[in-house]
K.L.:
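Please find one structure pasted underneath; my questions will follow.
Below, chain A is the first sequence line, B the second, and so on; all start at residue 1.
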2 protein chains.
Amino acid sequence: MSDSSTTQNAHPASLDAARLDGTDLALLAELERNGRLTNAALAERAGIAESTCTQRLRSLRERGVIRAFRADIDPAALGLSLQALITVRLGTHGREQVHGFERGVRTLPNVLTAFHVAGADDYLLHVAVPTAAALRELVLDHLTTQPHVRHVETQLVFEVIPGPGLVAAGQPA
Amino acid sequence: MSDSSTTQNAHPASLDAARLDGTDLALLAELERNGRLTNAALAERAGIAESTCTQRLRSLRERGVIRAFRADIDPAALGLSLQALITVRLGTHGREQVHGFERGVRTLPNVLTAFHVAGADDYLLHVAVPTAAALRELVLDHLTTQPHVRHVETQLVFEVIPGPGLVAAGQPA
DNA sequence: AATGAAAGGTAGGAGAT
DNA sequence: ATCTCCTACCTTTCATT
């Protein structure tokens with residue numbers, strides 16, 4: 001196993017629709033379901049030799065098609081049993097403000113993902129917290145205090161429903 | 001490698017804050033960054049024997065702390081270079097409507113994740129599509145046509161910003 | 001719960017097609 | 001680009017502490 005930490009971000013600048021053949025798609029589909037499949041098992045399922053599989057995998061990582069392999073961890077098991085979506089509007093929208101806010105978000109604990117969106121709102125933050133009190137603190141101490149934040153709105157998340165997977169949606173039917 | 005596909009969902013009903021010691025957290029933190037770390041490397045980083053690491057890992061999966069291992073795939077590489085957040089409001093909110101809608105969402109291609117939220121809106125769908133035309137089709141053919149959908153609003157996603165990771169936020173500082 | 005040893009499985013490269 | 005074969009490494013069970 002090459003074990004290059006997360007996958008060196010040596011992407012060639014984000015390729016659009018890398019040329020992926022059926023074998024690549026099969027590998028991706030398997031690895032999206034089970035990222036810890038052994039190379040041997042993967043090769044067998046795709047009907048190719050193990051060494052070929054190794055090379056294909058390396059190529060997919062180097063091209064940035066596979067960005068990383070991640071353990072999918074239950075937030076509740078870490079004591080983060082409350083999730084919320086927080087809508088954020090900035091007062092000014094220059095490059096500096098945007099970059100500043102994003103830099104902050106990347107290190108804000110409790111933020112799972114942030115979306116920069118078009119429209120009246122600027123950001124949507126998906127967060128996980130232990131308690132309602134922690135959520136309030138997050139909003140009051142780390143968001144409304146940020147220099148260019150003009151408006152914040154919080155929605156409780158009842159449930160997160162996974163979609164059918166990326167590869168299922170790939171390439172036109 | 002035990003290779004039980006995704007991780008059999010034999011969770012004990014969703015444990016809240018499973019008892020996780022420092023070693024467990026170290027393992028989770030590593031695996032969140034690199035889910036394909038070998039057991040040997042993981043053991044070394046955590047300062048435990050390889051056989052111990054195997055057991056810890058098995059336990060974490062069996063308890064549902066680790067739900068799965070997934071390849072993180074670049075949507076653009078699959079030709080899905082446009083992302084959006086779609087807000088959905090239902091007309092009626094009985095159990096049947098909610099379950100029906102969720103069942104539909106789970107099989108809707110292009111849906112990466114759906115959030116069931118509290119408030120004026122009922123759902124937020126994170127989708128990835130190849131083109132603006134495909135987005136329009138998704139909304140018109142698969143959402144507004146659903147029986148209990150009353151209102152749909154679409155926001156373009158400029159950028160998805162990853163948070164610092166779940167484990168970073170775990171347990172109070 | 002954690003460990004070391006040992007058997008069996010796996011990874012990735014060299015060289016040929 | 002793919003394959004077969006080979007060696008070094010990895011995984012895991014089990015007896016032991």
Side-chain angles (χ1 to χ4, degrees), chain A residues 1-8 10 12 15 17-66 68-72 77-78 171, chain B residues 1-8 10 12 15 17-72 77-78 170-171:
Chain A
M1 202 161 283
S2 58
D3 195 283
S4 42
S5 173
T6 291
T7 287
Q8 342 281 72
L15 56 164
R19 273 293 169 281
L20 302 175
D21 62 16
T23 303
D24 287 321
L25 291 176
L27 296 178
L28 292 173
E30 292 292 346
L31 290 174
E32 192 183 21
R33 280 206 321 154
N34 181 2
R36 243 175 127 81
L37 264 184
T38 63
N39 186 65
L42 210 47
E44 187 185 357
R45 290 173 197 217
I48 57 180
E50 295 177 17
S51 57
T52 308
C53 194
T54 302
Q55 287 179 214
R56 287 255 187 182
L57 258 183
R58 199 210 327 274
S59 168
L60 288 170
R61 278 159 159 272
E62 282 172 354
R63 287 187 283 165
V65 175
I66 297 177
F69 290 93
R70 305 235 125 95
D72 172 7
L78 292 168
Q171 326 298 60
Chain B
M1 202 161 280
S2 57
D3 195 283
S4 41
S5 174
T6 293
T7 288
Q8 341 280 74
L15 55 163
R19 274 292 170 282
L20 301 175
D21 62 17
T23 302
D24 287 322
L25 291 176
L27 295 179
L28 292 173
E30 292 293 346
L31 290 174
E32 193 183 22
R33 281 205 321 152
N34 182 2
R36 246 175 124 81
L37 265 183
T38 64
N39 185 66
L42 209 49
E44 188 185 357
R45 288 172 197 216
I48 57 180
E50 297 177 13
S51 54
T52 308
C53 194
T54 302
Q55 285 180 201
R56 288 259 187 178
L57 257 183
R58 193 200 345 265
S59 168
L60 287 170
R61 284 170 166 254
E62 282 173 354
R63 287 186 284 164
V65 175
I66 297 177
R67 296 190 283 211
F69 290 94
R70 308 232 121 99
D72 173 5
L78 292 168
Q171 327 295 60

K.L.:
Could you check how far CG of B/N39 sits from P of C/dG9, rounded to whole Å?
P.N.:
18 Å
K.L.:
Applying side chain to side chain donor-acceptor pair (under 3.5 Å), run through A/S59 and A/R63 and close with a yes or a no.
P.N.:
CA-CA 6 Å; A/S59 168; A/R63 287 187 283 165; 3.1 Å; yes
K.L.:
CG of B/L57 versus P of D/dT12: gap in Å, rounded?
P.N.:
9 Å
K.L.:
Is there a donor and acceptor pair, one atom on the side chain of A/S51 and one on the base of C/dG12, closer than 3.5 Å?
P.N.:
no
K.L.:
With rounding to the nearest 0.5 angstrom, report the CG to CG distance, B/D24 to B/L57.
P.N.:
9.5 Å
K.L.:
By nearest atom, which of the nucleotides D/dT2, D/dT12, C/dG4 is closest to the A/Q55 side chain?
P.N.:
D/dT2
K.L.:
For A/E62 and D/dA1, what is the distance between atoms CD and C1' respectively, to the nearest whole Å?
P.N.:
15 Å
K.L.:
Nearest nucleotide by nearest heavy atom, which residue falls closer to the 5' end of DNA chain C, B/D21 or B/E50?
P.N.:
B/D21
K.L.:
Heavy atoms under 4.0 Å, any strand shown: does B/A40 hit a base, just sugar-phosphate, or nothing?
P.N.:
sugar-phosphate
K.L.:
Rounded at 0.5 Å granularity, tell me how far CD in B/E32 sits from CG in B/L25.
P.N.:
11.0 Å
K.L.:
Calculate the interatomic distance between B/R58 atom CZ and D/dC14 atom P; express it in whole Å.
P.N.:
10 Å
K.L.:
Among the candidates D/dA1, C/dT3, C/dA11, find the nucleotide nearest to the side-chain atoms of A/R56.
P.N.:
D/dA1
K.L.:
If I take atom CD1 from residue B/I48 and atom CD from residue B/Q55, how far apart are they, to the nearest 0.5 angstrom?
P.N.:
9.5 Å
K.L.:
Does the side chain of A/T52 get closer than 4.0 angstrom to OP1 or OP2 of D/dC3 through an N or O atom?
P.N.:
yes
K.L.:
What's the separation between atom CG in B/L42 and atom CZ in B/R56, rounded to the nearest 0.5 Å?
P.N.:
11.5 Å
K.L.:
Which nucleotide, D/dC3, C/dG4, D/dT12, lies nearest any side-chain atom of A/I48?
P.N.:
D/dC3
K.L.:
Rounded off to whole Å, could you give me the CG-to-P distance for the A/D24 and D/dT2 pair?
P.N.:
8 Å
K.L.:
Whole angstrom is fine here: how far is it from CG in B/L20 over to C1' in C/dA1?
P.N.:
16 Å
K.L.:
D/dA1 C1' sits how many Å from A/R63 CZ, rounded?
P.N.:
13 Å
